[in-house]
Amino acid sequence: MIGVQLRYSFRLYPSAGQRTALARAFGCARVVYNDALRARETARSEGLPFPKAGDLSKQLITEAKNTPERAWLGEVSAVVLQQSLRDLDAAYRNFFDGLKGKRPRMGAPRYKSRKDTRQAVRFTANARWSITSGRKLRLPKIGDLKVKWSRTLPSTPSTVTVVKDSAGRYFASFVVETGPEEVLPETTPEVGIDLGLGHFAVLSDGTKVDSPRFLRRAEKRLKKAQRALSRKEKGSKNRDKARMRVARAHARVADARREFHHRLSTQLIRENQAVAVEDLAVKGLARTRLAKSVHDAGWSAFVTMLEYKAARYGRTFIRIGRFEPTSQVCSQCGVKDGPKPLHVRVWTCGACGAVLDRDINAAVNIAKAAGLAVTARGAQVRPGLVQAPRSEAGTHPTPQPSTAR
């Protein structure tokens, strides 16, 4: 068990004056970010050395506060402005690491707009923020914000980020460090998981978890809100209100999906010592006619939750290669029977005669490919045709469990 950094997010309810102070902090952080980006882009175009973060901090924050054009930077905490420069450094670092192949490629840093629907500022320990005795969040030059505490923080947070999302909601996101005290007692079951669209998840023990399809179920409401938005005049207050209604409708869908992912991933991690999943090509599937359903399922977010929760609670998480023929191999005898169209949900093994459920068979093969100790019994829909034994044929003395659907 290694230390895991987690984010705990809580809803904030700032007053009118505090919303104004937060808007000021968002704007100042954005201006410093854009000024630093402009300075570096100018140096690059002119062939000059890349400005260092320390020089930018001195020029764009310390010295800028003494000028009439940027005197209002002194109205917010200096830590917020310093963190904005760190965000730019991180953006450049990720961009160059992508060019070097150290991480997936991403675009170069871009200027931030005041019309961006999501805004955020970060406070570190240097800002001397605190949680008051009345359970409010005290931020420098903003005040004491009301927080809806839904759970207890496992340790003292190192930073807090105040976020305003597209739906106009405010959140406080705390970064905390977890230790070995959260390791769960060891358990016996190990499970392979086959993710899909018909069923969100099929487990190697035969359990099938239906796909909630949150986006599909909310499409009628979203369509109505989007149509109302398209009819509003651009730049009008009514259009802003309509945009907010659309954002809130999408936020409800995203929140419901995230809640479903958290509940299911926590249950699987608590009940199993080891969990194996297949590395799916989500980007490729998102370019097909199934794109909306793939995004609605949110496989990547779910697998990420499984991975960090396994590390947090002392479980084993295994990701097998995406080219493993899990749907082509019989989990009973191991014979590869070749690819099959997607509409084939049940197939008969030509070697052993076992009639197999496609999804459960794939989940069992995922577990086997990960080296987990699982039984392949769950993959079999019914036994193949086998000659009756010469001795007397009878029934089992106790009923046998049926395959879960």
Side-chain angles (χ1 to χ4, degrees), residues 9 12 14 16 18-45 50-51 53 56-57 59-61 64-65 67-96 98 104-123 139 141-142 159-173 222 225-226 228-251 254 295:
S9 189
L12 292 177
Q18 290 168 345
R19 287 196 295 270
T20 301
L22 286 171
R24 187 183 302 115
F26 294 146
C28 291
R30 181 185 68 250
V31 167
V32 170
Y33 183 96
N34 289 342
D35 287 347
L37 178 57
R38 187 177 299 106
R40 286 183 167 174
E41 288 299 305
T42 301
R44 182 186 62 83
S45 62
F50 210 60
L56 290 176
S57 176
Q59 176 186 352
L60 302 178
I61 299 178
K65 289 180 181 179
T67 63
E69 295 82 7
R70 292 286 189 265
W72 35 264
L73 290 178
E75 299 176 4
V76 302
S77 172
V79 173
V80 168
L81 308 181
Q82 294 288 350
Q83 293 303 310
S84 185
L85 293 179
R86 291 196 176 190
D87 289 341
L88 180 62
D89 285 340
Y92 270 110
R93 186 164 55 251
N94 293 337
F95 170 64
F96 290 127
R105 283 204 172 195
M106 60 185 306
R110 297 183 296 179
Y111 293 102
K112 293 183 178 182
S113 171
R114 63 181 180 85
K115 296 183 180 180
D116 290 342
T117 56
R118 186 186 184 278
Q119 304 281 346
V121 289
R122 185 167 63 255
F123 296 85
L139 298 177
K141 299 190 178 182
I142 293 177
T159 66
V160 58
T161 303
V162 179
V163 180
K164 181 184 178 183
D165 68 2
S166 300
R169 303 176 299 177
Y170 292 85
F171 294 90
S173 179
L222 290 169
Q226 191 67 50
L229 172 63
S230 65
R231 291 171 177 168
K232 300 296 186 291
E233 183 181 354
K234 291 186 177 180
S236 66
K237 290 186 177 181
N238 283 336
R239 186 177 179 86
D240 289 338
K241 295 177 183 178
R243 186 204 63 78
M244 192 69 71
R245 283 193 287 270
V246 172
R248 287 174 179 168
H250 278 286
H295 288 304

Between atom [atom1] of [X] and atom [atom2] of [Y], what is the distance when rounded to the nearest 0.5 Å?
| X | Y | atom1 | atom2 | value |
| --- | --- | --- | --- | --- |
| L37 | L85 | CG | CG | 11.0 Å |
| M244 | T117 | CE | OG1 | 9.0 Å |
| L22 | L139 | CG | CG | 7.5 Å |
| D35 | L60 | CG | CG | 5.5 Å |
| L229 | R245 | CG | CZ | 9.0 Å |
| T161 | D87 | OG1 | CG | 8.5 Å |

With a 4.5 Å limit on heavy-atom distance, are the side chains of [X] and [Y] in contact?
| X | Y | answer |
| --- | --- | --- |
| I142 | V162 | no |
| Q83 | V121 | no |
| R122 | V160 | no |
| L88 | R40 | yes |
| L222 | H250 | yes |

Main-chain N/O of [Y] paired with [X] side-chain donor or acceptor, under 3.5 Å:
| X | Y | answer |
| --- | --- | --- |
| S84 | V80 | no |
| K232 | A228 | yes |
| K141 | A78 | no |
| N34 | Y111 | no |

Testing the basics here: between [X] and [Y], what is the closest heavy-atom pair and its distance to 0.1 Å?
| X | Y | answer |
| --- | --- | --- |
| P51 | A43 | CD-CB, 3.8 Å |
| A53 | D89 | CB-OD2, 3.4 Å |
| S57 | Q82 | OG-NE2, 2.7 Å |
| V163 | A120 | CG2-CB, 4.1 Å |
| T42 | S45 | O-OG, 2.8 Å |

Would you call R38 and E41 a salt bridge, taking side-chain N to carboxylate O under 4.0 Å as the test?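 Here R38 does not pair with E41 in a salt bridge, since their nearest N and O are not under 4.0 Å apart.
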
Contacts of D240 that satisfy salt bridge (charged side-chain N to carboxylate O under 4.0 Å, His left out) - sequence neighbours left out: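 If we apply the salt bridge (charged side-chain N to carboxylate O under 4.0 Å, His left out) test to D240, skipping adjacent residues, there are no hits.
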
Among all residues two or more places apart in sequence or in another chain, which pass the ring-ring contact (aromatic ring centres under 6.0 Å, His included) test with F96?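 Here no residue qualifies.
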
Report all side-chain donor-acceptor pairs from residues 23-33 shorter than 3.5 Å, counting only partners two or more places apart or in another chain.
residue : atom : partner : partner atom : Å
R24     : NE   : E75     : OE1          : 3.1

R169 atom CZ, neighbour heavy-atom count above 12 within 6.0 Å: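 Yes.
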
